[in-house]
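From a predicted model like this one, the values you see are computed outputs, not experimental measurements. A note on names: the letters A, B, ... follow the listed sequences, proteins ahead of strands, and every chain is numbered from 1. Note that these values count all heavy atoms, side chains included, but never hydrogens, waters or copies made by symmetry.
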Amino acid sequence: MQVTVAGQQVSVEAGMSLADIFKQALSGKQFKNLVVARCGEALLDLTTPVPAGCETLEPVFADSPEGLEVIRHSTAHLMAEAVKKLFPTAKVTIGPSVENGFYYDFDYERPFTPEDLEAIEAEMVRSVGADKPFARAELTSAEARAKFAAEGETYKVELIDDLGVEQVSTYTQGGFTDLCRGPHVPRTGLLKAFKLTTVAGAYWRGDEKNPMLQRIYGTAWATPKDLKVYLDRLEEAKKRDHRKLGTALDLFSFHEDVGGGMVLWHPKGALVRAILEDFERKEHLKRGYQFVQGPLILRRELWEKSGHYDNYRENMYFTEIDEQAYGIKPMNCLSHMLIYKSRLRSYRDLPQRYFELGVVHRHEKSGVLHGLLRVRSFTQDDAHLICRPDQLRDEIIGVVKFVRDIMDIFGFDFEAEISTRPEKSIGSDEDWDRATDALKDALDHMQMPYAINAGDGAFYGPKIDIKIKDALERRWQCATVQCDFTLPERFDLSYIGEDGNKHRPVMLHRVILGSIERFMGVLIEHFAGAFPVWLAPVQARILTVTDAQNGHAEKVLRFLQEKGIRAEADVRNEKLGYKVREAQLERIPYMLVIGDKEVEADSVNVRVRGGADIGLVPLDEAARIVREAAIEPFKRGGMSYSFS
RNA sequence: GCCCACGUAGCUCAGUCGGUAGAGCACUUCCUUGGUAAGGAAGAGGUCAACGGUUCGAAUCCGUUCGUGGGCUCCA
C-alpha cells in the first residue's frame, strides 16, 4: 500500500506503526520533533497503524499549536501518574490542556502544598527519565466502568456513564491508566519542558454546588528554551502588574475602611483618567453623539419595570429615604431611555446617540475583585443608540469603527466574538436573526474576523465582545456592543414613521473602553507605567544641577505651563543623578536639566525617558518637542469637532 | 459566594520555641552645591488589620469579621 507522508510516497507494509512510516519520510531531526500524525481532521497516535482509508499523513510537530496541545495533555497525564504514586488516595477527575499549559483536578482529603508540587514535579521528571510508552487501549464502556469502579475512581465512572457510548479508550503510562480520547505523545521521554505553577480550588464540572476539587496548574512547552521564554514573560508581567505600579507611581489606592472594589484616585491617577475622559468626549462629539447625564440613584419601581429588580437584584445596592426605596444604578440605560421618551420622536430624529461617563455600582462577589480590573464602583463610557431597524447595521458599523480607531491609538490588537441567542432569552426568532445578522454584517463589512460564541448572548439580545490584547498578549474584555429588543418594548419607546404611525425603535448598548477603571489597569500594564506623552500626568520635569539655578527653573516652569505642558520642577537639594533616577522611576517622558550653561544660553538639556540624550536645546524648541509628542492621537481621523 | 494562602512603619520585607518590635527605601532636620539611575549624619515614625478567646504573658496559638492574593463561578 502506498501512502503520501509529508508529501512523499511511502510504501507501507502490514503491521507498521505511524512512527515507522514517518521515520522513512522525515529527517532524524524532524522525526525527533514529531508528536502525533494527522490524517484529514483526525490526529493519530504514532504507535497506531495506518487507519483504513487514510491516504495522506501529515506530521504534527512539537512546536505547532496542535503539537503543543498534545504535549500539554500528555503532561497532564504524567502529572496525574505522579500524584497517584505519591498520594494514592487521591481520586483523578479531568486534566485537559489549556492556553500555555494544562491542569488536572484531583479529589483529595487536603489541599496540595507548594512542597507537594515540588515532590510531584520531581516524580514527573523521574518518569520522563524512564521514557515510558503511552499505550492506548480500546475497551467497552462496561469493561472500563468495572475497571475504574474497582479502583475507586468514582469521577471516571461518572464520566463514562455520562458519555453514553459503547466503546471508550484509555491510555496507560507507567502504572497509571486514564480514561482519555487521546492522542498522546508516544513516550514520556518527549515531555522535557514543563513546570507546575500553582494549586487552586475548582468545582467539579465548574458548578459551585459540586464539591471543591484540588486543581494543579502547570505549563508545558516543546523545548526548555520555550519554557524559559514563557516563564520570563510571566516575570515581566509581574513587574508590570498595575497594582504594583499604581502604588509605585502614586496613581490610586484601595482602603479597607472604604470597602472592597472601591478605588481612590490620587492626583496623578485622577489626572490620567481626566485626560482619557476628555479624549473620549471629543471623540464622541466627532461621531455625532450627544452628552446626557442621569442620577446615581433611581426609584426602585423603575428597576422593577426594567426587569433588573427580578434579574439583577443580588448585584445591586439599594438605599431608602422618606420611605421610598431607591436602587443605585448598575447600568445607565434607564435614564437614557427616559430622556428619549421625554418627547415625541420623529423618524427624522433617529438615530439618537446618548453618551454618558456613567458611574455604576455592582455588588460583585467578594472573590472576584481584582485591582482595577474588577471593582464594584466604576465609570462606564456608556452610550445607547436608539435607531430605526433599517439603521441598525450602519450604527453597529459605526461603533465597531469607533472601537478600532480607539484601539489603534493605544496600540492594542483585538479580537471580536459574536455571542448568539442563549436558551433563556426573550424576543422572536426573527428579531434575533435580524440582529445577529446585523452584527455579523458589520464585522464582515469591516473585514474583521470573529469567533462565534454560541448561546452566550445576553437574555435580551446578541452581542459583539471585543477583547484587546496587551503587550504581553493577555486578553481583556473591554468594548461590547449589545442589541436590545426588550427595553424598548418594556419602556414603550417609539418614533413616528414616515407613514404617520408609531414604530418601535431598536436600542444598542455599547461601551468602547468598557470601564475607565479597567481600561486604566490595562493601560498601565500595556505601557508598563510609561504612559505616552499625551496621557502622562507629568510630561516634563525640570531638574536643576544646583540650587543656583532654582530661580531660572521657576521661569522655565512658568513658560512651559503657559504652553500647556504638564511640567513641574525638582529644585530639591539633591544631586542630579538622584533627581534623574527618580524621574526615570516615575516614567516621566522628558527631563529638562538646567545647570549654569543652560541658564546662560536660555536653554535646557533634554533627556528622554529611556535614556536618550537630545542635548542642549533652546527653551522654545524644547517646548515644541514636548508639545509635538503630546498631540499625536487627536490628529487622527482628520475630522473637525468643536469642543472647548 | 466557594477553596487555599496571606495581612508587621508611607513602601518592600525580617521577626527562631509564646517573653509586649527590626532593616532598607521614603519622610524631617543638619552637613554637602554635586552635570544625567541612589552623597553623608542624626531624628521621627508601629494598638503587629479589627474584635473575641486560650495563657502569668500573644505579632506569634484558636475563633469570628474585614481586606488582599491565586483559582473556581460570574463579569466592564
Side-chain angles (χ1 to χ4, degrees), chain A residues 103 105 110-114 197-217 238 241 243-244 247-248 250 253-262 312 314-315 330-332 358 360 362-382 456 458 465-467 476-480 482 509-519 521-522 543-550 573-586 591-598 605-616:
Chain A
Y103 67 79
D105 286 346
R110 62 166 177 84
F112 295 109
T113 64
T197 47
T198 169
V199 57
Y203 302 108
W204 167 235
R205 302 199 145 175
D207 188 332
E208 57 188 329
K209 293 182 196 77
N210 283 338
M212 182 71 74
L213 305 172
Q214 302 303 322
R215 174 172 297 180
I216 303 177
Y217 279 95
K238 259 190 215 163
D241 190 315
R243 293 165 299 191
K244 279 197 173 151
T247 304
D250 198 17
S253 60
F254 292 92
H255 291 270
E256 230 175 278
D257 298 338
V258 176
M262 313 281 184
Y312 204 72
E314 67 280 8
N315 279 306
M331 303 169 179
N332 305 299
V360 297
R362 299 183 184 175
H363 186 262
E364 303 289 351
K365 290 176 178 178
S366 59
V368 307
L369 302 177
H370 179 95
L372 292 178
L373 300 179
R374 195 77 182 270
V375 293
R376 284 179 172 157
S377 171
F378 58 101
T379 310
Q380 293 183 301
D381 58 336
D382 202 5
D456 209 33
D465 284 330
I466 307 270
K467 300 209 158 101
W476 308 95
Q477 154 105 57
C478 289
T480 164
Q482 308 183 349
H509 308 250
R510 56 104 277 197
V511 288
I512 304 289
L513 305 184
S515 91
I516 303 294
E517 284 75 7
R518 173 176 290 182
F519 198 76
V522 178
L543 312 179
T544 50
V545 178
T546 72
D547 52 17
Q549 295 91 34
N550 287 358
N573 176 12
E574 297 288 350
K575 286 191 159 182
L576 181 58
Y578 181 85
K579 294 182 182 181
V580 167
R581 178 185 149 83
E582 285 216 330
Q584 199 69 50
L585 289 175
E586 288 175 46
M591 285 156 250
L592 311 178
V593 176
I594 300 182
D596 284 337
K597 273 185 287 180
E598 287 77 13
N605 203 304
V606 182
R607 178 191 163 107
V608 184
R609 170 177 65 191
D613 195 348
I614 297 182
L616 202 69

Chemist: Starting at the 5' end of RNA chain B and moving along, which residue's nearest nucleotide shows up first, Thr480(A) or Gln584(A)?
Modeler: Gln584(A)
Chemist: Please give, in whole Å, the distance from G34(B) C1' to Ile594(A) CD1?
Modeler: 17 Å
Chemist: Establish, from distance only, whether the side-chain atoms of Arg518(A) and Gln477(A) form a donor-acceptor pair under 3.5 Å.
Modeler: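 The answer is no; no qualifying pair exists.
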Chemist: Measuring from Gln584(A):CD to Arg609(A):CZ, what's the distance to the nearest 0.5 Å?
Modeler: 9.0 Å
Chemist: Does the side-chain contact (heavy atoms from CB on, under 4.5 Å) test come out yes or no for Arg374(A) and Ser515(A), once each step is laid out?
Modeler: CA-CA 10 Å; Arg374(A) 195 77 182 270; Ser515(A) 91; over 6 Å; no
Chemist: To check you understand the geometry: which heavy-atom pair defines the closest contact between Arg243(A) and His370(A), and what is its length?
Modeler: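 Residues Arg243(A) and His370(A), closest heavy atoms: NH1-CE1, 3.2 Å.
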Chemist: For U20(B) and U16(B), measure between their P atoms and round to the nearest Å.
Modeler: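 Per the computed distance, 12 Å lies between those P atoms.
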Chemist: To the nearest 0.5 angstrom, please state how far the CG atom of Asn315(A) sits from the NE2 atom of His363(A).
Modeler: 8.5 Å
Chemist: Side chains of Asp613(A) and Asn605(A): closer than 4.5 Å at any heavy-atom pair?
Modeler: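 A side-chain contact under 4.5 Å exists here.
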Chemist: What is the pairing partner of A38(B), taking Watson-Crick or G-U wobble pairs with both distances under 3.5 Å in any strand?
Modeler: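 The base-pairing partner of A38(B), which may sit in any strand shown, does not exist here.
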Chemist: Picking from C3(B), U33(B), G35(B), which would you name as closest to the side chain of Asp596(A)?
Modeler: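 That would be G35(B).
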Chemist: Select base, sugar-phosphate, or nothing to describe what Glu598(A) touches, counting heavy atoms under 4.0 Å on all strands.
Modeler: base
Chemist: Expressed as a whole number of Å, how far does the C1' atom of C13(B) sit from that of A26(B)?
Modeler: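 Comparing C1' positions in C13(B) and A26(B) gives a spacing of 14 Å.
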Chemist: The side chain of Arg518(A) is closest to which nucleotide in this list: C72(B), A76(B), G35(B)?
Modeler: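 That would be A76(B).
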Chemist: Roughly how far, to the nearest 0.5 Å, is CD of Glu517(A) from CG of Leu373(A)?
Modeler: 10.5 Å
Chemist: Counting distance alone, no hydrogens or angles: does the base of U36(B) have a donor or acceptor under 3.5 Å from a partner atom on the side chain of Asp613(A)?
Modeler: no
Chemist: Among U33(B), C4(B), C2(B), find the nucleotide with the atom closest to the side chain of Pro111(A).
Modeler: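 Of the options given, the side chain of Pro111(A) lies nearest C4(B).
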Chemist: Reckon Asp207(A) touches a base, only the sugar-phosphate, or nothing at all at heavy-atom distances under 4.0 Å?
Modeler: nothing
Chemist: Give the rounded distance in Å between these two atoms: NE2 of His363(A) and P of C74(B).
Modeler: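 Those two atoms, NE2 and P, are 18 Å apart.
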Chemist: Check every atom of C72(B), U33(B), G39(B) against the side chain of Glu574(A) and return the nucleotide holding the closest atom.
Modeler: G39(B)
Chemist: Given G35(B), A38(B), U36(B), identify the nucleotide with an atom nearest to the side chain of Val545(A).
Modeler: G35(B)
Chemist: Pick base, sugar-phosphate or nothing for Val375(A), based on heavy-atom distances below 4.0 Å to the nucleic acid.
Modeler: base
Chemist: State the pairing partner of C72(B); accept Watson-Crick or G-U wobble contacts with both distances under 3.5 Å, and report none otherwise.
Modeler: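 Matched C72(B) with G1(B) under the 3.5 Å cut-off.
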Chemist: Report which part of the nucleic acid Lys597(A) touches: base, sugar-phosphate, or nothing (heavy-atom distance under 4.0 Å, all strands).
Modeler: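 Base contact - Lys597(A) has a heavy atom under 4.0 Å of at least one base atom.
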Chemist: Can you check the distance between A59(B) and C48(B), where both ends of the measurement are the P atom (answer in whole Å)?
Modeler: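 Taking atom P in both A59(B) and C48(B), they lie 7 Å apart.
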Chemist: Look up atom CG in Leu372(A) and atom CD1 in Ile516(A), then write down how far apart they are to the nearest 0.5 Å.
Modeler: 11.5 Å
Chemist: Rounded off to whole Å, could you give me the CG-to-P distance for the Leu513(A) and A76(B) pair?
Modeler: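 Distance, rounded to whole Å: 15 Å.
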Chemist: Between C3(B) and C56(B), how far is it from one C1' atom to the other, in whole Å?
Modeler: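 Those two atoms are separated by 39 Å.
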Chemist: How far apart are the C-alpha atoms of Asp596(A) and Val545(A), what are their side-chain angles, what is the distance that settles it, and do they pass the side-chain contact (heavy atoms from CB on, under 4.5 Å) test?
Modeler: CA-CA 8 Å; Asp596(A) 284 337; Val545(A) 178; over 6 Å; no
Chemist: Using the C1' atom as the reference point in each nucleotide, state the distance between U68(B) and C11(B) in Å, no decimals.
Modeler: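 Per the computed distance, 16 Å lies between those C1' atoms.
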Chemist: Can you tell me if Tyr578(A) is stacked onto the base of G39(B), using a 5.5 Å centroid cut-off and an angle below 30°?
Modeler: no
Chemist: Rounded to whole Å, please give me the gap between CG in Leu213(A) and C1' in C72(B).
Modeler: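 Atom-to-atom, Leu213(A) to C72(B), this comes out as 10 Å.
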Chemist: Please report, rounded to the nearest Å, how far the C1' atom of C4(B) is from the CE atom of Met212(A).
Modeler: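 Nearest whole value for this atom pair: 9 Å.
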Chemist: Look through every strand shown and name the nucleotide pairing with G46(B) as Watson-Crick or G-U wobble, where both distances are under 3.5 Å.
Modeler: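 G46(B) is paired with nothing.
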Chemist: Given the structure, check if the side chain of Arg215(A) and the base of C4(B) hold any donor-acceptor pair shorter than 3.5 Å.
Modeler: no
Chemist: Check step by step if side-chain contact (heavy atoms from CB on, under 4.5 Å) holds for Phe254(A) and Met262(A).
Modeler: CA-CA 7 Å; Phe254(A) 292 92; Met262(A) 313 281 184; 5.7 Å; no
Chemist: Checking base pairs now: Watson-Crick or wobble, both atom distances under 3.5 Å. What partners C17(B)?
Modeler: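 In the structure as shown, C17(B) has no Watson-Crick or wobble partner.
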Chemist: Counting Watson-Crick and G-U wobble pairs only, both distances under 3.5 Å, name the nucleotide matched with U55(B), or none.
Modeler: none
Chemist: Can you confirm whether Arg362(A) sits close enough to Phe378(A) that some side-chain heavy atom of one is under 4.5 Å from a side-chain heavy atom of the other?
Modeler: yes
Chemist: If I take atom NZ in residue Lys579(A) and atom P in nucleotide G35(B), what distance separates them, rounded to the nearest angstrom?
Modeler: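 Between P of G35(B) and NZ of Lys579(A): 12 Å.
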Chemist: Check every strand shown and say whether Arg607(A) touches a base, only sugar-phosphate, or nothing at a heavy-atom separation below 4.0 Å.
Modeler: base
Chemist: Would you measure the distance from the P atom in C6(B) across to the matching atom in C17(B) and give it in whole Å?
Modeler: 16 Å
Chemist: As a test of reading the structure: which of G35(B), A76(B), A37(B) is closest to the side chain of Asn605(A), going by heavy atoms?
Modeler: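 Nearest nucleotide to the side chain: G35(B).
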Chemist: Between Val606(A) and Cys478(A), which residue's closest nucleotide on RNA chain B lies nearer the 5′ terminus?
Modeler: Val606(A)
Chemist: Taking the P atom of each, how far is G39(B) from A76(B), in whole Å?
Modeler: 49 Å
Chemist: Expressed in whole Å, how much space separates the P atoms belonging to U65(B) and C74(B)?
Modeler: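 Going atom to atom, P in each nucleotide, I get 25 Å.
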Chemist: Identify which nucleotide among C2(B), G71(B), A76(B) has an atom closest to any side-chain atom of Tyr203(A), counting heavy atoms from C-beta outward.
Modeler: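 Closest nucleotide to the Tyr203(A) side chain: C2(B).
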Chemist: Which whole-number value in Å describes the distance from Glu582(A) CD to G39(B) C1'?
Modeler: 14 Å
Chemist: Given atom CE of Met591(A) and atom P of U36(B), what is their separation to the nearest angstrom?
Modeler: 14 Å
Chemist: Taking N or O atoms only and anything under 3.5 Å, show me the protein contacts with nucleotides 60-70 of chain B, one pair per line.
Modeler:
from	atom 1	to	atom 2	distance (Å)
C66(B)	O2	Glu256(A)	OE2	3.2
G69(B)	OP1	Arg243(A)	NH1	3.1
G69(B)	O3'	Arg243(A)	NH1	3.4
G70(B)	OP1	Arg243(A)	NH1	3.4
G70(B)	OP1	Arg243(A)	NH2	3.0
G70(B)	OP2	Arg243(A)	NH1	3.4
G70(B)	OP2	His370(A)	ND1	3.1
G70(B)	O2'	Thr198(A)	OG1	3.3

Chemist: Is there a Watson-Crick or G-U wobble partner for G24(B) with both distances under 3.5 Å, and if so, which one is it?
Modeler: C11(B)
Chemist: Under 4.0 Å, heavy atoms only, any strand: does Gln477(A) hit a base, just the sugar-phosphate, or nothing?
Modeler: sugar-phosphate
